Chemist: 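Handing you a structure now.
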Amino acid sequence: MQDPHVTDLIPAYAVGSLEPDEVDAVERHLANCQQCRTEARQFARVGDELLLAAPQHDAPPALRDRILAQVRSLGDNTPTQAPQPAPRSRNPLARAFRAAFQPDELEGEAGSELQRLLLDPESAVFAVGGTPDAPAASARLIASPRLDRAVLVANGLATPGPGRAYQVWFLRDGKPIPNVTFAVDRQGRGISVVRVAAPFGSYDTVAVTPEPAGGSPSPTGPIVLAGALKPA
């Protein structure tokens with residue numbers, strides 16, 4: 001009896017090694033199958049951790065150039081009569097993040113910005129760790145030095161309570177600069193677009209604190225997430 005699920009394809013899907021027609025088949029199935037979405041999220045988390053296992057800023061320039069050259073060559077080798085796949089279907093990192101969330105969670109502004117950032121060759125993924133006040137929390141900031149927007153993806157945060165939300169801060173020379181607030185779901189997950197006035201490279205640290213829902217001009221709650229934006 002044929003397996004009605006796409007279990008055999010999910011590991012390859014999470015790391016971006018499927019053919020375009022297989023990707024389409026898996027994503028159609030995931031849209032209607034909670035069991036396979038859960039398994040895809042589990043595999044995506046493993047791939048996500050592997051992506052962050054080494055410092056993002058230490059990749060040798062020659063290696064980065066070779067990888068980008070190979071990516072660009074994909075389009076050159078595609079037959080002219082074949083339909084061109086969407087750029088995000090060719091990007092394993094973008095696919096891994098997309099698999100980690102419910103389909104409707106990445107359809108708005110945050111989803112669009114995330115896809116744009118993951119296709120930008122200058123984008124980097126910064127690990128943001130939980131503090132003693134939130135040891136189970138973690139986040140990733142996806143940012144490009146040439147763009148004024150980034151996406152923060154958080155996991156493992158406790159519900160901040162009635163009338164409260166989480167607020168993002170960017171620190172420069174130890175001074176916190178307020179940014180957006182965001183909510184989390186019952187699983188402690190949240191995703192938000194952040195905008196800055198100066199290039200991301202001019203900030204030292206990103207941090208998150210629980211604050212009043214409308215935001216605060218200066219931190220009043222404990223730091224629950226913090227990560228460096230520059231090499232040590």
Side-chain angles (χ1 to χ4, degrees), residues 14-16 41-61 63-64 67 91-101 105-106 110-111 113-158 166-172 174 176-177 179-182 184-185 187-196 198-210 219 221-232:
V15 297
R41 288 197 294 272
Q42 293 171 344
F43 276 101
R45 291 191 190 103
V46 174
D48 189 11
E49 294 301 324
L50 291 174
L51 288 166
L52 295 172
Q56 301 295 308
H57 50 76
D58 288 341
L63 175 61
R64 186 185 185 91
I67 293 173
N91 191 304
L93 182 58
R95 190 174 305 130
F97 268 95
R98 195 164 67 252
F101 287 84
E105 289 181 297
L106 294 182
E113 291 297 332
L114 179 60
Q115 298 295 345
R116 181 171 71 138
L117 284 160
L118 293 174
L119 292 170
D120 189 314
E122 295 187 29
S123 289
V125 182
F126 297 91
V128 185
T131 68
D133 287 294
S138 65
R140 292 145 195 86
L141 180 74
I142 303 91
S144 170
R146 64 182 181 180
L147 300 177
D148 63 353
R149 297 185 183 187
V151 175
L152 182 77
V153 182
N155 293 278
L157 288 169
Y166 287 103
Q167 186 166 0
V168 181
W169 307 87
F170 288 95
L171 281 69
R172 184 191 295 133
I177 301 170
N179 209 282
V180 297
T181 61
F182 67 93
V184 295
D185 62 18
Q187 286 73 46
R189 298 161 54 196
I191 181 169
S192 179
V193 176
V194 297
R195 300 171 177 81
V196 292
F200 279 97
S202 66
Y203 298 98
D204 304 313
T205 306
V206 59
V208 172
T209 63
I223 296 175
V224 294
L225 290 166
L229 297 180
K230 292 183 178 180

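All values reported here derive from a predicted model rather than from experimental measurement.
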Chemist: Are Phe126 and Val206 close enough that some pair of their side-chain heavy atoms sits under 4.5 Å apart?
Modeler: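 No, every pair of side-chain atoms sits at 4.5 Å or beyond.
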
Chemist: Check whether Thr131 reaches the backbone of Ile223 with its side chain - one donor and one acceptor, N or O, closer than 3.5 Å.
Modeler: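 Pair found, side chain donor or acceptor close to backbone of Ile223.
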
Chemist: Considering residues at least two apart in sequence or located in another chain, which fulfil the salt bridge (charged side-chain N to carboxylate O under 4.0 Å, His left out) criterion with Asp148?
Modeler: none

Chemist: Using side-chain heavy atoms (C-beta onward) and a distance below 4.5 Å, is Val180 in contact with Leu152?
Modeler: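 They are not in contact (no side-chain heavy atoms under 4.5 Å apart), so the answer is no.
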
Chemist: Would you name the heavy atoms of Pro132 and Pro135 that are closest together and state the gap between them?
Modeler: O-CD, 3.5 Å

Chemist: Identify the heavy atoms of Ala139 and Leu225 that sit nearest to each other, and give their distance.
Modeler: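 The pair with the smallest heavy-atom distance is CB-CD1, 3.9 Å.
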
Chemist: Might you point out which heavy atoms bring Leu141 and Ala150 nearest each other, and give the distance in Å?
Modeler: CD1-CB, 3.9 Å

Chemist: Taking only residues two or more places apart in sequence or in another chain, which ones pass ring pair (Phe, Tyr, Trp, His ring centres under 6.0 Å) with Phe170?
Modeler: Phe200, Tyr203

Chemist: Which atoms form the tightest heavy-atom contact between Pro176 and Trp169, and what is the distance?
Modeler: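 Closest approach of Pro176 to Trp169, heavy atoms only: CB-CE3, 4.0 Å.
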
Chemist: Which heavy-atom pair separates Ala198 from Arg172 by the least distance, and what is that distance?
Modeler: CB-NH2, 3.4 Å

Chemist: For Asp204 and Gly174, which heavy atoms make the closest approach, and how far apart are they?
Modeler: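 Asp204 and Gly174 have their closest heavy atoms at OD2-N, 4.2 Å.
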
Chemist: Report the distance from atom CG of Asn155 to atom CZ of Arg140, rounding to the nearest 0.5 Å.
Modeler: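 Reported value, rounded in 0.5 Å steps: 6.0 Å.
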
Chemist: Answer whether the closest heavy-atom distance between the side chains of Ile191 and Val151 falls below 4.5 Å.
Modeler: yes

Chemist: Under the side-chain hydrogen bond (donor to acceptor under 3.5 Å, both in side chains) test, which residues partner Ser192, sequence neighbours left out?
Modeler: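 In terms of side-chain hydrogen bond (donor to acceptor under 3.5 Å, both in side chains), with neighbours along the sequence ignored, Ser192 is linked to no residue.
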
Chemist: I want to check something: taking the side chain as every heavy atom from C-beta on, are Val128 and Val208 in contact at a cut-off of under 4.5 Å?
Modeler: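 No, every pair of side-chain atoms sits at 4.5 Å or beyond.
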
Chemist: To the closest 0.5 Å, what do you measure between CD (Gln167) and CG (Asn179)?
Modeler: 8.0 Å

